[in-house]
2 protein chains.
Amino acid sequence: MPTMTAEQRRAWAKAEFDAYMETCPTSRLMAVLGNKWTTMLLTRLAENGTMRHARLARAVPGISAKVLTQSLRALERDGLVARHVTASVPVQVDYTLTVLGESLMPVVATVRQWADRHMPDVEAARGAYDAARAGDPVPAPARSLG
Amino acid sequence: MPTMTAEQRRAWAKAEFDAYMETCPTSRLMAVLGNKWTTMLLTRLAENGTMRHARLARAVPGISAKVLTQSLRALERDGLVARHVTASVPVQVDYTLTVLGESLMPVVATVRQWADRHMPDVEAARGAYDAARAGDPVPAPARSLG
DNA sequence: CTGTATCCCATACGATACTG
DNA sequence: CAGTATCGTATGGGATACAG
């Protein structure tokens, strides 16, 4: 018999992996920014200063209420967004970028600049790559976070 | 009966969503960089110029052969990495950053700088947030992409 | 050496319905 | 208005085994 069950080995390997990943701030930050709505939400908040839940929902088409809340909670937990509750008749909840969150915006801007300049190249590369296997057209480019 | 089945509505909604997301290069770029191994692989290639599959596997602890290939394929499809096959006895496959891939590295560097400076703050915020619900210690910080 | 096939799990995301 | 609960799906990632 082996010294570990498959499950034990899995757990050990995962722990080892996590330990390594723990050592990489960049990967961890990318995991945050890589969430579908993160850059969009941060950008909207940076533009408007303070926004309520409903306004954010309107400002970000396609997001569901659940995921909006979930995303904002994650950003709050990360210290990027501050949540302020006003106990009025229907409660009012305001979201604002923290100082930490604001400090991240130049990074997002840098990412956006590259994206606006070069994502068409990426799309073209994808089109070319896929064309070498089937026949699929490529959609038109557009501005970021419009 | 309704004009659409639930599945049709789902498909339509997804199409609408995709159409919107299609318009956001930043989100699309973040989706690429947000993949677990993307920044790590790009960084290793930027450091070493050209690397073989096995060397990359050694340079990136924790990644499985399957996911390494999968990740490299995605980067190749995106035009960020070039794959060159040398038909020797055991085939030799080399991976290199393309010009497009190299142009992305300053962006990654910007992200890394912020991460090295501020991820400890994020970790601290997480610790504080979680401490308000249970009792969980926070691990120590470390340098990026070491 | 490089890559594929298979199976499995965790999680992000989304639809819907419901509460204070 | 803001948020939660529940359910379902899609996908990324990983283990293992195998092939060119």
Side-chain angles (χ1 to χ4, degrees), chain A residues 2 4-18 20-21 27 30-41 51-58 60-76 81 83-95, chain B residues 2 4-18 20-21 27 30-41 51-58 60-77 83-95:
Chain A
M4 290 182 179
T5 65
E7 180 153 359
Q8 281 172 329
R9 284 225 316 283
R10 179 142 26 100
W12 182 84
K14 188 179 193 317
E16 189 189 39
F17 152 78
D18 283 346
Y20 181 76
M21 270 320 196
S27 293
M30 291 317 300
V32 173
L33 296 177
N35 286 335
K36 201 176 193 174
W37 304 105
T38 297
T39 54
M40 193 90 71
L41 290 173
M51 297 180 80
R52 297 177 57 175
H53 186 280
R55 186 163 167 222
L56 270 167
R58 260 177 276 118
V60 181
I63 196 172
S64 71
K66 174 195 152 189
V67 174
L68 176 55
T69 298
Q70 185 174 288
S71 303
L72 289 168
R73 282 277 186 286
L75 293 174
E76 185 196 2
V81 164
R83 176 171 176 271
H84 185 71
V85 180
T86 306
S88 47
V89 186
V91 281
Q92 173 171 339
V93 185
D94 293 289
Y95 295 94
Chain B
M4 289 182 179
T5 66
E7 179 153 1
Q8 282 173 328
R9 285 224 317 283
R10 182 143 24 99
W12 182 83
K14 189 179 193 315
E16 188 189 39
F17 153 77
D18 284 346
Y20 180 76
M21 271 318 198
S27 293
M30 292 316 301
V32 173
L33 296 177
N35 286 334
K36 202 177 194 173
W37 305 105
T38 298
T39 53
M40 193 91 71
L41 290 173
M51 297 180 81
R52 297 179 56 176
H53 186 280
R55 187 165 166 221
L56 269 166
R58 261 176 275 119
V60 182
I63 196 171
S64 71
K66 174 197 150 187
V67 173
L68 176 55
T69 298
Q70 186 174 288
S71 303
L72 288 168
R73 281 278 185 288
L75 293 174
E76 185 195 2
R77 187 175 101 100
R83 177 172 176 270
H84 185 70
V85 180
T86 306
S88 46
V89 184
V91 280
Q92 173 170 341
V93 184
D94 293 290
Y95 294 93

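Residue numbering restarts at 1 for every chain, and letters A, B, ... go by the order of the sequence lines.
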With A:Val89 via side chain to side chain contact (heavy atoms under 4.5 Å, CB included) - residues at least two apart: none
Report all interatomic pairs (protein N or O, nucleotide N or O of nucleotides 3-7 of chain C) with separations under 3.5 Å.
| residue | atom | partner | partner atom | Å |
| --- | --- | --- | --- | --- |
| C:dG3 | OP1 | B:Arg83 | NE | 2.8 |
| C:dG3 | OP1 | B:Arg83 | NH2 | 2.5 |
| C:dG3 | OP1 | B:Tyr95 | OH | 3.3 |
| C:dG3 | OP2 | B:Tyr95 | OH | 2.9 |
| C:dT4 | OP1 | B:Arg73 | NH2 | 3.4 |

So do B:Met30 and A:Met30 actually touch side chain to side chain, heavy atoms under 4.5 Å? yes
Qualifying side-chain hydrogen bond (donor to acceptor under 3.5 Å, both in side chains) pairs, either residue in residues 84-94 of chain B, two or more places apart: B:Gln92-B:Asp94
For the side chain of A:Ser64, starting at C-beta, report the closest nucleotide among D:dA2, D:dG13, C:dA15. C:dA15
Checking B:Arg83 now: which residues fulfil side chain to side chain contact (heavy atoms under 4.5 Å, CB included) with it, not counting sequence neighbours? B:Arg73, B:Glu76, B:Val85, B:Val93, B:Tyr95
With sequence neighbours left out, write down each residue that passes side chain to side chain donor-acceptor pair (under 3.5 Å) with A:Arg52, or none if nothing qualifies. none
Measure the distance from CD on A:Gln92 to P on C:dG20 and round it to the nearest whole Å. 21 Å
How large an angle, rounded to 10°, do the end axes of the helix from C:dC1-D:dG20 to C:dG20-D:dC1 enclose when each is built from five base pairs? 40°
Whole angstroms only, please: what is the CG-P distance between B:Leu33 and D:dG12? 15 Å
Figure out the NE2/P separation between A:His84 and D:dG3, and round it to whole Å. 13 Å
Can you tell me the distance, in whole Å, between the CG atom of A:Leu68 and the C1' atom of D:dC1? 12 Å
Assign each of A:Val91 and A:Gln70 to its nearest nucleotide of DNA chain C by heavy atoms, then name whichever residue's nucleotide is nearer the 5' end. A:Gln70
How many whole angstroms separate atom CE of A:Met30 from atom P of D:dG13? 12 Å
Find the distance B:Ile63:CD1 to C:dT2:P and express it as a whole number of Å. 14 Å
Check whether any side-chain N or O of B:Arg52 sits under 4.0 Å from OP1 or OP2 of C:dT2, and answer yes or no. yes
Which atom pairs, one a donor and one an acceptor, fall under 3.5 Å between side chains of residues 63-72 of chain A and the rest of the protein, sequence neighbours left out?
| residue | atom | partner | partner atom | Å |
| --- | --- | --- | --- | --- |
| A:Ser64 | OG | A:Val67 | N | 3.3 |
| A:Thr69 | OG1 | A:His53 | NE2 | 3.1 |
| A:Thr69 | OG1 | A:Ala65 | O | 3.2 |
| A:Ser71 | OG | A:Val67 | O | 2.7 |

In whole angstroms, how far is the P atom of D:dA10 from the NZ atom of A:Lys36? 13 Å
Start with the C-alpha distance between A:Val60 and A:Leu41, add both sets of side-chain angles, then the distance that settles side chain to side chain contact (heavy atoms under 4.5 Å, CB included), and finish with yes or no. CA-CA 8 Å; A:Val60 181; A:Leu41 290 173; 3.9 Å; yes
